[in-house]
Structures are given as C-alpha cells and as structure tokens.
Amino acid sequence: MKVVGVSLFVTRLPLVHGFETSSHRKSHLDHILVRLTDASGAVGWGEIASASDPFYSSETVDTALLVARKYIVPAIIGHEWETPADLATTWARIRGHEFAKAGFDMAAWSLYSGMRNEPLSVTLGGTRTEVAAGVSLGIEASIDALLAEVSRHVDAGYRRVKLKIKPGWDIEPVRAVRAAFPEQDVHVDANGIYRDTDETTALMRGLDEFSLSMIEQPYGPRDFVAHASLQAKLATPICLDEGVVDLDDIGTMIALGAGRILNIKVSRMGGLTVALAAHDLARDAGIPVWCGGMHEFGVGRAANVALSSLPNFSYPSDVSASEKYYARDIISPPVTATDGMVTVPTGPGLGHEVLAAWITENTITHEHYGEER
Ligand code: OSB
Ligand code: MG
C-alpha cells in the first residue's frame, strides 16, 4: 500500500456537559482528523485527540499539527507499506509527540482493516463481541451535582464510574458516592495532582475503606518511585495513566511495583501498534488493562472500542456512548451503549460511516498534502 494523499482537519465539537479535571475545565474540543488516501483510492481515518493546552500531556493541537505537517506527512507520502507497523517505522525516530503519531497510526489501521474487508477489532486480534463501558465524571460544583451525574449514568447501566479528584475534592465526594451507591464499581483519577507527602499517604490510605477498584495516577507522570512506595502501603490498586507513554515505562512500572493496573490510551501511547504491544506486555506480567479515553470523537472512539475487544482489556473502558459527549458525533451510527455494553461493530474497518460533510461543517482549518482525490 502507499499513501498518496493526506488531509488534516482541525475540527471543533462542543461538549454536551462541561468537564473539569484536577488541572482544568473544558467545554469544547478541537481534535485533528487525519484522512489517508491510498494509491488504490481507499481511505482511512484517524484522530489526533490532543487537548488544546499542555495540561494532560506536553502536546497541544498546535504542536501536533506542526509535527504532523513537518515530519510525519513527508515521511509517509509515497512510502510503500504492508502493515501499519511498517508505516509506523517511518515516524519512529521522532521523539515524543505520541498524540500526533497516534492519529496517523489509527488511520493506517482503519485503512488496512478496511482493505482486508474485516472489522478493525478482528485485525487487531480482538475476541469480544461487546465491551463493557465505564464513564468518567468530572469535578462538579457540588456533591449534590456529582451525585446527580453518577445517578444518571448508573441508571443508564454504565458498568463502572470514575470520579475525578483533587486536593479538597477527594474523600468527601468519594464518601458521598459510596454511601449512595454501595455496590457500584467506582474508581478515582487524580491526573497526577498530589505530591508525595505523609499527608497524601494518609489521605490515600483513607480511601482504602471505600473499596475503590483503583486510584488512577495520584502522582506526576515521572514519579514511578513515589507510586511504588505508595502502592506498598495501600490495599487499593494504583493504575497508571499519564506515567506510561511507551513500553519502557511499562517495564519500569512492573520492575518497581509502581501500580497493579494499566490504563492504555491509544493517543498517549502513540497509536494502536504500540497499544497492542502494551497489551501483550502487561498480559505477560499479569497486569490487567483497560482502555482510557480523551473524549474522542467517533473515529477515535471506534478505535477504542475495537482495541477494548482484546482479551486482557478486562476492566470497563472509558468508551461511553457518543451522546455523553456530543450532540451529533462525526460517525454514523454513533457509538451507543446498552445496559453498559458497547457492541463491537462487524463491518469492515472502523465499522461506522465517517460523516465527511459534518466534519467539514465543524472544521476550523483544513490542509491537504499530496494528490487531490
Ligand atoms: O485522565 O483519563 C483521563 C479526559 C481527558 C484527559 C484525561 C482523562 C480524561 C478522562 C475522560 O478521564 C475519558 C473519556 O471519557 O474519554
Ligand atoms: Mg486518567
């Protein structure tokens, strides 16, 4: 195969419900949609789901666009490839910029699976026909507002609820949610805001009594040692998110005991090719994984669903229905969840139609390289 044309669309969609984490609040997202055109005329879509600001990772929409335009597009146009992993070798020498790479890697996988006429999940080696969906709930203005959000999503059947926490919004919301939903699978995500102090250790130990499934990324991305020392003092498993951007990080996590569960995000790890290797590495080390999200539009969301169909994705993923985020998604049909389960599509490629006209309508900037098709 050979990519002869690349289109990059910076597309904006408003969020149905504003989202606040320990670092910031957002009400709309700008993601970069990547469309690759093969010499045969077949196309593949990917999504660069970077945030606009460098508060989750060091990347932004602007850095991703720059790296895409200046380094990735010139490397792939005209390059002959057999498998997505082959194409990924063209950008392997670029250090970092995982979100930018992920959009291209995802587009290569959707193109490849579509040309093989098989669902992306099958091409990836997935075995599930449906995947369990969790929901990630942001920090709310009050505990009552949070309880209302939890209630709405528990009623919708979501299999797991994740609560964002930060200093001053941790024990109390968890206590309130646990009291109202004693049986619900609940976990918390700090997005790396806590510092390694005796006070934090006491706080985290205090969370043990609420039988949370895990505490996601309490400390900063590079703090493997602090995570290991905290994990040794906790009954609740620690899950790493921001801290793991490549396979070496998984090795460090395992060697130090810095966590017992891994959140695999396609974007954070630079694409499906790396995510697959991460899945296998974690499986061999006895570490369960689940698929995290970046509020993806439908293209990235469909890729997350396909990835979540692999066997070691054994905890509900952040693959909520499109409608939780967007009034109208960029794919048809949108991703839906019934009783907390998302059906893995059986059509070729992403298994959803990509709504090009709707993308164009919501696009802020569009650039094209190579042949016009
Ligand atoms: O830490 O998992 C995270 C969203 C943006 C940035 C970081 C995170 C998240 C989420 C939402 O938790 C997951 C989703 O529903 O896509
Ligand atoms: Mg997280």
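Salt-bridge formation is detected for the pair D339/R159: a Lys NZ or Arg NE/NH1/NH2 atom is positioned less than 4.0 Å from an Asp or Glu carboxylate oxygen. Remark: E47 does not engage R35 in a salt bridge, criterion side-chain N to carboxylate O under 4.0 Å. A salt bridge links R69 to E367: at least one charged side-chain nitrogen sits closer than 4.0 Å to a carboxylate oxygen. Under the 4.0 Å criterion applied to side-chain N and carboxylate O atoms, E216 and K162 are assigned as salt-bridge partners. Between D318 and K324, no side-chain nitrogen of the basic residue sits less than 4.0 Å from a carboxylate oxygen of the acidic one, so the salt-bridge criterion is not met. Using a 4.0 Å cut-off between charged side-chain N and carboxylate O, D208 and R205 make no salt bridge. Between D241 and R268 a salt bridge is recorded (basic side-chain N to carboxylate O distance below 4.0 Å). A salt bridge links E149 with R152: the distance from a Lys NZ or Arg NE/NH1/NH2 to an Asp or Glu carboxylate oxygen falls below 4.0 Å.
Taking the centre of each ring, H79 and W91 stay at or above the 6.0 Å mark. Between W45 and F9, the ring centre distance stays below 6.0 Å.
The two residues S213 and Y315 come nearest to each other via the heavy atoms CB-OH, 3.3 Å. Contact detail for G298 and D329: the closest heavy-atom pair is N-OD1, 2.7 Å. When all heavy atoms of V299 and I331 are compared, the closest pair comes out as N-CG2, 4.0 Å. Taking all atoms of both residues into account, the shortest heavy-atom contact from H279 to I264 is N-CD1, 3.6 Å.
Annotation for E118: atom CD counts as buried by contact number, over 12 foreign heavy atoms lying within 6.0 Å. Heavy atoms of other residues, nucleotides or ligands lying less than 6.0 angstrom from CZ of R93 number 12 at most.
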V319 vs V335, side chain to side chain contact (heavy atoms under 4.5 Å, CB included): CA-CA, chis, key distance, verdict: CA-CA 9 Å; V319 286; V335 171; 5.8 Å; no
Would you sort out whether T363 and T360 count as a side chain to side chain donor-acceptor pair (under 3.5 Å), showing the intermediate values? CA-CA 5 Å; T363 288; T360 304; 5.5 Å; no
Audit row: W81, T90, side chain to side chain donor-acceptor pair (under 3.5 Å) steps and yes/no: CA-CA 10 Å; W81 56 289; T90 64; over 6 Å; no
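Within the cation-pi definition used here (under 6.0 Å to the ring centroid, within 45° of the axis), R301 qualifies as a partner of Y325.
Side-chain contact between T11 and F297 is present, with at least one heavy-atom pair separated by less than 4.5 Å. Under the 4.5 Å side-chain criterion, counting only non-hydrogen atoms from C-beta, M115 is in contact with S40. By the 4.5 Å heavy-atom criterion applied to side chains, K101 and M106 are not counted as neighbours.
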